[in-house]
Structure formats: C-alpha cells, structure tokens
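Written out below as structure tokens is the structure these notes cover.
Counting from 1, the numbers follow the sequence of the chain as shown. Keep in mind the model is a prediction, meaning the values are calculated, not measured. Quick note: numbers below take in every heavy atom, side chains included, and nothing from hydrogens, waters or symmetry partners.
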Amino acid sequence: MKTCPDCLSEIPDEATVCRYCTARVEGKGCPDCGTRCWDEARKCRACGYTFGSAPATLSFEPFTITAHPLATFLQRGRLLPQSIHLSEEKILLSTPGPFRLSKKEEEIPWHKVAGFDYQSGIFWDTIKIETRGQSSAAIPCLDKADGERIRVILQQLEK
C-alpha cells in the first residue's frame, strides 16, 4: 500500500489515481502549478507548461516606458500614467496611486508569461499580458512606437 499525496489515503501500490480523491498519484509534477501529469506528457493539462523545453532567452537592454499622459487622462480619467519596465529577468508594471502617495507594482517573471494581446488603436496602443498562476496585467495608452517595441520583445517568447 502507498499513500496518496493529496488526501493521504492508503491506496494499492499499482494505483495511478487515488480512488478516494481521484488525484493522480504517479507521474511528474508541473514546476509552475504543481499538477501531476503523465510521465510522457509534453504539456501540463492544467496550465499549459511545456515540459523539457528550455525557457526562451531574451537579450535586450533593460528599458522603461511610461504611458502617454494625455491618453491616460482621456481614456482612464487619471492624471498619473502607468509605466512598464522590461529587464532580462522580469516585467514590472507600476501604477501610481492618487497624488503619488502610493504605488501598485506587479512583477511578472518571464517564465510566467503565457501570452499577450496587442491592441493597436488610431493614436495609442494597449498590451495585455496573460500569465500562468497570476492575474493578467494590462498597460493601455502607449505611444505607437513604444507599444510596438514591447510587442516585438513579447513575440520573442513565442519562438
């Protein structure tokens, strides 16, 4: 008999799934979400993590982009624009609070990026970043050239 890692019930040694909680008891664990998958699995069934693939390497000079102040005021009704800092380790989104008395910062490591959505407007662009295990993040009101620069870097992850 062996013990189920989820519910700690005793199950037969031959079992691959717990008869009490239906959790998979054998296989490899996903490094992103912890879900157990078959040993032969190439992708995690829960979060889509690709097993055995080397993470994409990005090479660029770190930079910071601030959203356009006029667009931020017109579209979001805010006087203080968001900023995004891209480095080789992570993405950092900063949203200032009222009167710059506080600041909300979201850190997104590159290996957590699951995809992105690039929306090009007439004057300004918006980028939404989907992540594994975190909430999605968005930075609207970007100048066209800045939005394009971020899009090119995010597309490198897809290769």
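E26 approaches A15 most closely through the heavy-atom pair OE2-O, 3.8 Å. Heavy-atom minimum distance, R36 versus G29: NH1-N, 3.7 Å. The two residues S136 and E106 come nearest to each other via the heavy atoms O-OE1, 4.4 Å. Shown here for P109 and K90, the closest heavy-atom pair between the two residues is CA-CB, 4.0 Å.
Looking at R132, its side chain does come within 3.5 Å of a backbone N or O of H111 through a donor-acceptor pair. Between the side chain of K128 and the main chain of A138, no donor-acceptor pair closer than 3.5 Å is present. Proximity of a side-chain donor or acceptor of K28 to a complementary backbone N or O of E40 within less than 3.5 Å is not detected. For the pair R42 (side chain) and F51 (backbone), a donor-acceptor distance under 3.5 Å is absent. With hydrogens and angles disregarded, no donor-acceptor distance shorter than 3.5 Å links the side chain of K112 to the backbone of E107.
To the nearest 0.5 Å, the span separating NZ on K2 from OG on S9 amounts to 13.0 Å. The CD atom of E10 sits 10.0 Å away from atom SG of C18, with the distance rounded to the nearest 0.5 Å. Note that CG of L142 is 6.5 Å distant from CG of D125, once rounded to the nearest 0.5 Å. How far CG of L93 is from NE2 of H85: 11.5 Å, rounded to the nearest 0.5 Å. Taking CD1 of I108 as the reference point, atom CD1 of I84 lies at 7.5 Å (rounded to 0.5 Å).
Grouped by direct or indirect side-chain proximity (heavy atoms under 4.5 Å, Ile/Leu/Val/Met/Phe/Trp/Tyr only), I11 sits with Y20, V25. Under the 4.5 angstrom side-chain criterion for Ile, Leu, Val, Met, Phe, Trp and Tyr, L92 has no cluster partners at all. Members clustered with F99: L101, by chain and number, using a 4.5 Å side-chain heavy-atom cutoff among hydrophobic residues.
The closest side-chain heavy-atom distance from L154 to I91 is below 4.5 Å. Counting heavy atoms from C-beta outward, Y49 and C33 have side chains that stay 4.5 Å or more apart. Taking 4.5 Å as the limit, every side-chain heavy atom of I153 sits out of range of all side-chain heavy atoms of F116.
Residue pairs satisfying the ring-ring contact (aromatic ring centres under 6.0 Å, His included) criterion with at least one member in residues 118-146, sequence neighbours excluded, are listed as follows: H68-W124. Judged as a ring-ring contact (aromatic ring centres under 6.0 Å, His included), not a single pair has a partner in residues 129-155 (not counting sequence neighbours).
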Distance-only donor-acceptor pairs under 3.5 Å for side chains of residues 73-83, two or more places apart:
residue	atom	partner	partner atom	Å
Q82	NE2	T95	OG1	2.9

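A cation-pi arrangement is found for R149 relative to F63, the charged atom lying closer than 6.0 Å to the ring centre and inside a 45° cone about the ring normal.
Remark: of the listed residues K144, E148, R151, K144 is the sole one forming a side chain to side chain donor-acceptor pair (under 3.5 Å) with S120.
In the hydrophobic cluster analysis, where Ile, Leu, Val, Met, Phe, Trp and Tyr join through side-chain heavy atoms closer than 4.5 angstrom, F60 is grouped together with L157.
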